Amino acid sequence: METFEINNFSFSYPMSKKRSLKNINLNIKNGEFILICGQSGSGKTTLLKNMKNELAPHGKKEGEILYNKKKLSDANSFEIGFVMQNPENQIVTDTVWHELAFGLENMGLSSNIIRRRVAEISSFLGIADWFRLSTNTLSGGQKQKLCLASVMVMQPKVLILDEPLSQLDPIAATEFIETLKKINNELGMTIIISEHRLEDLFAVADKVVVMDNGSIILNERPRDVSLCHPIAAGFPAAMRIYTELGFLGQSPITVKEGRRFIDANFDTLPNIEKETKVFNDISVKMKNVWFKYGRELPDVLKGVNLTAHHGEILCIVGANATGKSTALSVLSGVYKPHKGQIELLGKRLRLYNPNELYGGVISLLPQSPQTLFVHDSVEAELYEMSNDISQAVSLLEIEPLLKSNPFDISCGEQQKVAFAKILLKNPQIILLDEPTKGLDSVFKAQLAKILNTLSNQGKTIIIATHDLEFAASYAHRCAMFFDGVVISHDRTSLFLSENNYYTTAANRIVRHKNPYAITVEDVISLCKKS
């Protein structure tokens, strides 16, 4: 039986001549796990929000969306659960237990039933250990799991998730996917998820739906999805390696299947030779830096030592809540450390006045780009920074967005606009906190090209990221944060080759034959030489 039947559905936002969704036809059966992917701005979020009546945006609608053979407007609102991309936008109370009970209280259930359901979901999702914690003390992974739990406790029949992995570290993302798999398999719940991080989701999805420019262009089983669309650059590593090497038929999807494919077809892989770029002049230096958010609160940074050089792209990785974002904020001067020393371009940070510091020395793109927006149009946001915005607009390809409200565009588009805004000050040191969050594989490649150009101009780029594939492809060096300190740093190929979890799927596939192959391109090149 179809849970959702979407028939010739089109949608356009108010005052917009362009249709955001165009003649969408999609049937989703009860108990299916549906993965929706596509480039930023392709219509994924708009489609998902139109599948829950309370979140459906205002605008012109054509066609119909049926839920269990009825109009969506007649559906029980609690039967369709929705988990948003940013958990901060969904958490409304101050403690974990209260967040879990909040929705049930709104349903008017008795305290006896509320206690039973809260206990059950806490045990099922493994959150009993932090049941009584304050929500503002949770890590990003914990917050996302709490949002899932607060929806699941209301016992919906359908679970819709809009890019829930975008702010999770690799280990937390894997755990979250396993939780979804458990919900789908053990409860038979229909799951519809939109994501850009596709590596592990292909293995659990029943169908993959690819959207482009407001239309559905592919709706296939994961192994049958072709790599003809640019978005395929974000498909699982095993799949891309198999296809790029010219093999036909159903491709491997998982690391395990990819390793079997390599073993069956390649006895050995040759050594890999990568050019090692030498950097000399130090532009950023953190020496024994300590920081905490309040006098009575524990330290978040606990003696950080970190250097970065002119022209270097340095990626900082590590679990949620280990201090990465805090380190960037302290480095940018947003927060002041209570101990330690910071130097930028050979000068103590505390000796810069604000106009000098933010007028060309350093800029920070925060994890939430909305915090940079203060105007009602993208164009106004950019003109606030400079009278000449043409180069940044062209570089980031955001001309179609200029008249849009920055709060109305997609998360990936917001990232582009925010990045354009900080580049207009032409900073020598660029700090980026999760810059690939919400970005599709196509624009990731464009972003990398921009970063390489800036790097070649001598600018220092420090990136806090969970995107290990991006780091593997473009970072000169990686550093790992753990418990408020930098515990390790090395050249990217050496750094990732020695990790089991903080590494790429491509490396896991071939590391037993060549541990220094860390990207899909590395593997393909070595296989062709073999």
Side-chain angles (χ1 to χ4, degrees), residues 1-7 9 11 20-21 24-38 42-57 59 61 64-68 70-92 103 107 121 125 143-168 173 176-177 179-185 187-198 201 204-211 214 216 219 410-412 438:
M1 177 179 173
E2 278 77 17
T3 298
F4 278 104
E5 295 175 74
I6 305 177
N7 302 315
F9 185 78
F11 177 83
S20 299
L21 298 175
I24 299 293
N25 288 283
L26 179 64
N27 287 351
I28 298 173
K29 296 180 180 179
N30 184 35
E32 280 191 315
F33 194 121
I34 305 296
L35 169 60
I36 300 178
C37 53
S42 62
K44 304 184 299 297
T45 297
T46 301
L47 176 60
L48 294 186
K49 287 187 174 180
N50 271 292
M51 295 170 72
K52 183 168 174 64
N53 200 50
E54 293 76 14
L55 296 178
K61 301 178 183 179
E64 63 178 0
I65 299 179
L66 300 179
Y67 172 74
N68 288 337
K70 299 178 182 179
K71 289 183 179 180
L72 190 61
S73 57
D74 296 333
N76 183 334
S77 62
F78 296 111
E79 289 189 8
I80 303 173
F82 199 105
V83 177
M84 299 177 184
Q85 178 178 352
N86 188 348
E88 302 287 353
N89 295 337
Q90 195 159 349
I91 295 174
V92 295
M107 293 173 69
I121 201 66
L125 295 181
K143 287 180 179 178
Q144 196 63 284
K145 184 175 278 191
L146 175 59
C147 289
L148 175 63
S150 65
V151 170
M152 289 294 299
V153 76
M154 292 184 282
Q155 299 183 352
K157 295 181 179 178
V158 176
L159 183 61
I160 300 176
L161 306 102
D162 187 15
E163 296 191 34
L165 310 180
S166 63
Q167 300 191 57
L168 303 186
F176 194 85
I177 292 171
T179 300
L180 295 182
K181 182 179 177 182
K182 182 179 179 181
I183 290 170
N184 183 242
N185 288 338
L187 303 181
M189 186 174 295
T190 305
I191 294 180
I192 306 162
I193 181 171
S194 163
E195 253 304 331
H196 288 304
R197 292 168 67 172
L198 307 175
L201 282 169
V204 299
D206 295 308
K207 291 284 184 65
V208 174
V209 175
V210 179
M211 295 188 66
I216 292 177
N219 180 10
S410 73
C411 291

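Note that the coordinates shown come from a computational prediction; the quantities given were computed from them, not determined experimentally.
- Contact of the Asn25 side chain with the Ile216 side chain is not registered, since no non-hydrogen atoms from C-beta on lie closer than 4.5 Å.
- With sequence neighbours left out, the side-chain contact (heavy atoms from CB on, under 4.5 Å) criterion links Gln155 to Arg117, Glu120.
- With rounding to the nearest 0.5 Å, the separation of CE in Met51 from CD1 in Ile6 is 4.5 Å.
- To the nearest 0.5 Å, atoms CG (Asn68) and CD (Glu5) are separated by 9.0 Å.
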Show me, pair by pair, the donor-acceptor contacts under 3.5 angstrom made by side chains of residues 144-154, not counting sequence neighbours?
from: Gln144; atom 1: NE2; to: Gln85; atom 2: O; distance (Å): 3.4
from: Gln144; atom 1: NE2; to: Pro164; atom 2: O; distance (Å): 2.9
from: Lys145; atom 1: NZ; to: Leu125; atom 2: O; distance (Å): 3.4
from: Ser150; atom 1: OG; to: Leu146; atom 2: O; distance (Å): 3.3
from: Ser150; atom 1: OG; to: Cys147; atom 2: O; distance (Å): 2.8

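- Contact between Ala205 and Leu35 at its shortest, heavy atoms only, is CB-CB, 3.9 Å.
- With sequence neighbours excluded, no residue satisfies side-chain hydrogen bond (donor to acceptor under 3.5 Å, both in side chains) with Asn89.
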Check step by step if side chain to side chain contact (heavy atoms under 4.5 Å, CB included) holds for Met211 and Leu21. CA-CA 10 Å; Met211 295 188 66; Leu21 298 175; 3.8 Å; yes

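- Taken to the nearest 0.5 Å, the CD1 atom of Ile160 stands 8.5 Å off from the CG atom of Leu47.
- Put simply, NZ on Lys207 and CG on Asn27 are 9.0 Å apart, with the number rounded to the nearest 0.5 Å.
- Side chain of Glu195 to backbone of Leu201: no donor-acceptor contact under 3.5 angstrom is found.
- A heavy-atom distance below 4.5 Å is found between the side chains of Met189 and Pro156.
- Listed by chain and number, the residues in a side-chain contact (heavy atoms from CB on, under 4.5 Å) with Glu64 are Asn7, Leu66 (sequence neighbours excluded).
- For the pair Arg197 (side chain) and Ala173 (backbone), a donor-acceptor distance under 3.5 Å is absent.
- The side-chain hydrogen bond (donor to acceptor under 3.5 Å, both in side chains) test applied to Thr45 returns Asp162, not counting sequence neighbours.
- In this view, Lys157 and Glu79 satisfy the salt bridge (charged side-chain N to carboxylate O under 4.0 Å, His left out) rule, not counting sequence neighbours.
- Here the CD1-CD1 distance, from Ile192 to Ile34, works out to 7.0 Å after rounding to the nearest 0.5 Å.
- In this view, Asn184 and Phe33, Ile191 satisfy the side-chain contact (heavy atoms from CB on, under 4.5 Å) rule, not counting sequence neighbours.
- With sequence neighbours left out, Phe82 forms a ring pair (Phe, Tyr, Trp, His ring centres under 6.0 Å) with no residue at all.
- By the side-chain contact (heavy atoms from CB on, under 4.5 Å) test, Lys29 is found to be paired with Glu2, Glu32, residues two or more places apart in sequence or in another chain being considered.
- Under the salt bridge (Lys or Arg N to Asp or Glu O under 4.0 Å) criterion, the residue pairs touching residues 43-55 are Lys52-Glu54, with sequence neighbours excluded.
- Contacts of Thr179 classified as side-chain hydrogen bond (donor to acceptor under 3.5 Å, both in side chains), with partners at least two apart in sequence or in another chain: none.
- Note that CG of Leu55 is 10.0 Å distant from CG of Leu48, once rounded to the nearest 0.5 Å.
- At a threshold of 4.5 Å between non-hydrogen side-chain atoms, the residues Leu26 and Phe4 do not count as touching.
- Take Lys181 and apply the salt bridge (charged side-chain N to carboxylate O under 4.0 Å, His left out) test, not counting sequence neighbours, and it matches no residue.
- Asn50 places none of its side-chain heavy atoms less than 4.5 Å from the side chain of Ile24.
- Tyr67 approaches Ala75 most closely through the heavy-atom pair CD2-CB, 3.5 Å.
- With a 4.5 Å cut-off on side-chain heavy atoms, Leu198 and Val208 do not count as touching.
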